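Positions are given from 1, in the same order as the sequence printed here. For clarity, every value in this text was computed on a predicted model and none was experimentally measured.
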Amino acid sequence: ARLLLERCMVEKFLQRTKRRRAELARALSNQVDCLIQLFILLFQQLVQIAKMLADKKPPGEIVTEIRVPAPRPGSGGAYVKMERKVGDFATAAVAVQLTLADGVCQEIGIGLTNVGSVPIKAGKAEAALRGKRPDEAAIKQASQLAAEAADPSADLRGSVEYKRDLVRVLTGRALRKAIERAQKGA
């Protein structure tokens with residue numbers, strides 16, 4: 001009887017835990033746009049921190065704080081990924097954060113994940129859009145440059161060629177979504 005009671009208590013605990021996880025997931029899914037922008041901003045900050053740490057710094061110096069600024073008016077971001085099934089690791093993913101002023105791209109960050117041994121900053125793709133109006137031709141050019149920046153390896157999720165093309169397509173989608181969000185927030 002004691003074992004049965006303990007088993008019932010464990011099952012109730014697990015049910016409550018599952019319910020709490022489901023409630024948390026539901027709450028987070030309602031804040032997806034906010035989380036996406038936060039991820040993009042954090043990615044950009046991490047790239048800057050990595051550069052800072054790579055520079056010659058005085059011995060004993062440590063990072064004690066990271067400040068993430070709020071996006072300026074006219075900013076928009078997007079995170080787009082391709083996964084085989086929900087919850088699976090992404091085959092490829094692209095994060096974009098940009099700021100538009102008078103229809104011209106003032107600031108832009110494009111990050112690629114799961115298409116190299118480390119996350120990749122698509123600098124040439126960013127440069128192709130910075131200071132320009134992000135029309136369809138510019139988006140296509142930036143998407144192609146992002147695909148060229150990718151350094152994927154073949155695995156069960158796809159060949160190198162497939163993943164590069166996937167980066168091209170996902171970059172275009174992410175750019176269009178970020179531009180749309182920036183125009184709504186302007």
*asked:* Check for me, please, whether Val80 and Tyr162 land in the same ILVMFWY cluster - side-chain distances under 4.5 Å, paths through other members count.
replied: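 Result: yes, single cluster for both.
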*Is the closest side-chain heavy-atom distance between Leu98 and Ser75 below 4.5 Å?*
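A side-chain contact under 4.5 Å is absent here.
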_Flag side-chain contact, heavy atom, 4.5 Å: Glu136 against Arg176_ =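 Yes; the side chains approach each other to less than 4.5 Å.
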Nearest atoms (heavy-atom pairs only) where [X] meets [Y]:
X      : Y      : answer
Val96  : Ala174 : CG2-CB, 3.6 Å
Phe89  : Asn114 : C-ND2, 4.5 Å
Cys105 : Leu100 : CA-CD2, 3.7 Å
Leu175 : Ala142 : CD1-CB, 4.1 Å
Arg181 : Ala78  : NH1-CA, 3.7 Å

*Side chain of Glu126, backbone of Ile110: donor and acceptor closer than 3.5 Å?*
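Looks like yes, one N/O pair under 3.5 Å.
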*asked:* To the nearest 0.5 Å, what is the distance between CG on Leu166 and CZ on Arg157?
replied: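 Going from CG on Leu166 over to CZ on Arg157, the span is 12.0 Å.
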_Residues forming a salt bridge (charged side-chain N to carboxylate O under 4.0 Å, His left out) with Glu148, sequence neighbours excluded_ =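 For Glu148, no residue satisfies salt bridge (charged side-chain N to carboxylate O under 4.0 Å, His left out) once neighbours in sequence are set aside.
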*Could you list the residues that satisfy salt bridge (charged side-chain N to carboxylate O under 4.0 Å, His left out) with Arg173, not counting sequence neighbours?*
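For Arg173 there are no salt bridge (charged side-chain N to carboxylate O under 4.0 Å, His left out) partners, ignoring immediate neighbours.
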*asked:* According to salt bridge (Lys or Arg N to Asp or Glu O under 4.0 Å), does anything in residues 106-115 pair up with another residue at least two apart or in another chain? List the pairs.
replied: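 Output for this query lists Arg72-Glu107.
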_Considering only residues two or more places apart or on different chains, which pairs with a residue in residues 158-167 satisfy salt bridge (Lys or Arg N to Asp or Glu O under 4.0 Å)?_
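Sorted pair list: Asp155-Lys163, Asp165-Arg168.
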_Qualifying residues under side chain to side chain contact (heavy atoms under 4.5 Å, CB included), relative to Ala146, sequence neighbours excluded_ =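 Ala146 satisfies side chain to side chain contact (heavy atoms under 4.5 Å, CB included) with Leu112, Ala122, Ala125, Val167, Thr171 only.
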_Could you walk me through whether Ile139 and Ile179 satisfy the side chain to side chain contact (heavy atoms under 4.5 Å, CB included) test, starting with their C-alpha distance in whole Å, then the side-chain angles of each, then the deciding distance to 0.1 Å, before giving a yes or no?_
CA-CA 10 Å; Ile139 290 171; Ile179 291 165; 3.8 Å; yes
Partners passing side-chain hydrogen bond (donor to acceptor under 3.5 Å, both in side chains) against [X] (at least two apart in sequence or in another chain):
X      : value
Lys81  : Glu83
Thr91  : none
Glu180 : Lys184

Would you be so kind as to tabulate the donor-acceptor pairs closer than 3.5 Å made by side chains of residues 127-135, with sequence neighbours excluded?
from, atom 1, to, atom 2, distance (Å)
Arg130, NH2, Ile108, O, 3.3
Lys132, NZ, Ala128, O, 3.2
Arg133, NH1, Asp102, O, 3.0
Arg133, NH2, Asp102, O, 3.3
Asp135, OD1, Ala137, N, 3.4
Asp135, OD1, Ala138, N, 2.8

